[in-house]
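Here is how names work: the chains are called A, B, and so on, in the same order as the sequence lines, proteins then strands, and each is numbered from 1. The analysis underlying the following values was restricted to heavy atoms, covering all of them including side chains, and did not include hydrogens, waters or symmetry mates.
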There are 2 protein chains.
Amino acid sequence: MPCLSARIRTKTEWDALTPDEIDLFNRKVVCRTYPAGQVIFVQGDPCKGLYFIEDGLIAARKVDEEGQSAIVRLAYQGDTLGYRPLLAKENHRATAEVIKDAKICFIGAPTMHRLLRSNPRLGMLFLEHIAQALGEAEERLFQVAALSVRTRIIHLVVLLRDHYGTTTSDGTLFVELPMTRRDLAEMIGARPESVSRALRDIQDDGLMDLSGRTVRVDQIDRLIDELHHGLHI
Amino acid sequence: MPCLSARIRTKTEWDALTPDEIDLFNRKVVCRTYPAGQVIFVQGDPCKGLYFIEDGLIAARKVDEEGQSAIVRLAYQGDTLGYRPLLAKENHRATAEVIKDAKICFIGAPTMHRLLRSNPRLGMLFLEHIAQALGEAEERLFQVAALSVRTRIIHLVVLLRDHYGTTTSDGTLFVELPMTRRDLAEMIGARPESVSRALRDIQDDGLMDLSGRTVRVDQIDRLIDELHHGLHI
DNA sequence: CGGCGGCATTGACACAAATCAACGGCGCCA
DNA sequence: TGGCGCCGTTGATTTGTGTCAATGCCGCCG
């Protein structure tokens, strides 16, 4: 079973590869599974290649000397990890940690550069991908810089809906919060206690129903409205 | 006088262009000057092409419906603006506003795509550039999410040193803060009053000397140390 | 010239969020 | 089976920033 299965590939930048290149990829790639909690690479490490996420959820976390910490990016199935330092020719600037058990394929920098040289379209698709990633990073920068914890939490739930939301036949939306309160807090630049309180406040206002790590939302519009019009109307 | 002068070009991604392509660039480009305060494009606008900054300083600002606002990026001489939406195939997600009088060259999207198709190396250099921009965005995201206003201010001064710092013969460093307190505040996700107070506090601690928009730093090490070891030692 | 508007600073105060502390629940494994 | 450690919540309290208001400064323009 090749790591780069067609099902996943066609939705990613790897769709640019020719059959020969797919063959090269599959020969060079090293795949393994990582349990939750495992660290894939550490900030400061030299970047030896990149990691294609076949399945699972990974967080890129930055930490400083005082222990202050924040999650700067999430990587889902089909995403690629480590491309930023590879392309910028830098060391890793974040630590990658598995949030949900993952299957990850490593591809070394030399192979990657060979593919980029032989296939300009691959570079163009990476360009598009990284441009979107920059847009998301700037969006979250804006949110943390300008919005309240409550609003940031709602943005986070809406964001997680893309990958962890399911809608039942009667239109009710369920969103799984796929990580601890601590990690949710690090995603929005807050403390776990503040996340707990904000979630309860939003629940008390009838915007969602929380049980454990699952959020039930009856009227997603009411959530979205608060993002656009603020609390009061 | 062609817009893409060799002096600036060789330090940017445009160094990849062949003489023919430079010629095409110079034929297609439209240059003009913008006074401070002028808006170059507005968030939500379709992206019609990109803007090469021959001189000046530009801020990319995000604003929401409630008027909350933050500066998500600065663009200096030699930088290119608008490449993110162009490459991500999105509309502009920020408003570009001139901070210091600028000379800017506009190059339309069709020309740009033609250059990218004819010259893969241009794409590779953009890839490298945008990868670094993503690194900077994530660094600032971490700072706003995890650090105090005081620390963020120091980071900002150190950042501005790259483009607005000069060192005298006796080793004293002068950094110009090239914008209003309001804009400084929007760069770090704070209020102008908080910026004023933080600057005064840092000055009271003898780490810098502030007069108007110029900061004098005698021992840059002491500033940098605070970033790595915190306030106390 | 005089006055208006934006900039910067400062003080008093309010408030959102952090901190500190305590508790119950749960999984894990010695 | 018991206990240790992490998770999640809640309460009490502190504190860093935001908010509001007043002032002085300066540049600009009628």
Side-chain angles (χ1 to χ4, degrees), chain A residues 35-38 59 66-70 97-101 143-154 156 176-205 208-215 226 230-232, chain B residues 35-38 59 66-70 97-101 143-154 156 176-205 208-215 226 230-232:
Chain A
Q38 189 101 359
E66 269 103 299
Q68 300 294 339
S69 164
E97 187 187 320
V98 177
I99 301 292
K100 282 173 101 82
D101 296 354
Q143 289 173 14
V144 178
L147 308 180
S148 68
V149 167
R150 176 188 170 112
T151 310
R152 281 179 267 160
I153 285 272
I154 296 179
L156 183 55
E176 182 200 348
L177 308 178
M179 60 191 87
T180 65
R181 296 290 190 267
R182 184 172 182 281
D183 286 339
L184 290 175
E186 289 205 15
M187 288 226 40
I188 61 163
R191 299 290 148 177
E193 297 95 323
S194 300
V195 170
S196 262
R197 287 187 245 265
L199 283 170
R200 182 165 50 77
D201 288 349
I202 298 167
Q203 184 172 217
D204 290 348
D205 291 346
M208 57 167 65
D209 197 80
L210 179 66
S211 73
R213 292 192 181 182
T214 303
V215 168
E226 178 165 328
L231 278 181
H232 24 260
Chain B
Q38 188 102 358
E66 270 102 300
Q68 300 294 339
S69 164
E97 187 188 320
V98 177
I99 301 292
K100 281 173 101 82
D101 296 354
Q143 289 173 14
V144 178
L147 308 180
S148 68
V149 167
R150 177 187 169 113
T151 309
R152 282 179 266 160
I153 285 273
I154 296 179
L156 183 56
E176 182 200 346
L177 308 179
M179 58 190 88
T180 65
R181 295 291 189 267
R182 185 173 181 280
D183 286 338
L184 290 175
E186 290 205 13
M187 289 228 35
I188 61 163
R191 300 290 148 178
E193 296 95 325
S194 300
V195 171
S196 262
R197 287 186 245 265
L199 283 171
R200 183 164 50 76
D201 288 348
I202 297 167
Q203 184 172 217
D204 290 349
D205 291 346
M208 57 168 65
D209 198 79
L210 179 65
S211 72
R213 293 192 179 181
T214 302
V215 169
E226 178 165 327
L231 277 180
H232 26 258

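Taking Arg182(A) as the reference, Arg61(A), Thr180(A), Glu186(A), Pro192(A) meet the side-chain contact (heavy atoms from CB on, under 4.5 Å) condition, with sequence neighbours excluded. Taking the side-chain contact (heavy atoms from CB on, under 4.5 Å) definition, one finds that Arg197(B) meets it with Glu193(B), Arg200(B), sequence neighbours left out.
Side chains of Arg152(A) and Val144(A) form a contact here, defined as non-hydrogen atoms less than 4.5 Å apart. Looking at Leu184(B) and Ile188(B), their side chains never come closer than 4.5 Å, going by heavy atoms from C-beta outward. Put simply, the side chain of Met208(B) reaches to within 4.5 Å of the side chain of Leu199(B), judged on heavy atoms. Put simply, the side chain of Asp205(A) reaches to within 4.5 Å of the side chain of Arg150(A), judged on heavy atoms.
Note: CG (Asp201(A)) to P (dG11(D)) measures 11 Å, nearest angstrom. One atom, CD1 of Ile188(B), and another, C1' of dG16(D), lie 13 Å apart when rounded to the nearest Å. Distance, Leu177(B) CG to dT9(C) C1': 15 Å, rounded to whole Å. Rounded to an integer number of Å, the gap from Arg191(A) CZ to dA17(C) P is 13 Å. Across the protein-nucleic acid pair, Glu66(A) atom CD and dA18(C) atom P stand 17 Å apart, rounded to whole Å. With rounding to whole Å, Glu186(B) atom CD is found 11 Å from dC7(C) atom P. Atom pair Ile153(B):CD1 and dT9(C):P shows a separation of 11 Å (rounding to whole Å applied). Atom pair Gln68(B):CD and dG18(D):P shows a separation of 11 Å (rounding to whole Å applied).
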Short heteroatom pairs, N/O only, protein and nucleotides 8-10 of chain D, under 3.5 Å:
residue : atom : partner   : partner atom : Å
dG8(D)  : OP1  : Arg213(A) : NE           : 3.1
dG8(D)  : OP1  : Arg213(A) : NH2          : 3.0
dG8(D)  : OP2  : Arg181(A) : N            : 2.7
dT9(D)  : OP1  : Arg181(A) : NH2          : 3.2
dT9(D)  : OP2  : Arg181(A) : NE           : 2.7
dT9(D)  : OP2  : Ser196(A) : OG           : 2.5
dT9(D)  : O5'  : Ser196(A) : OG           : 3.4
dT10(D) : OP2  : Arg200(A) : NE           : 2.7

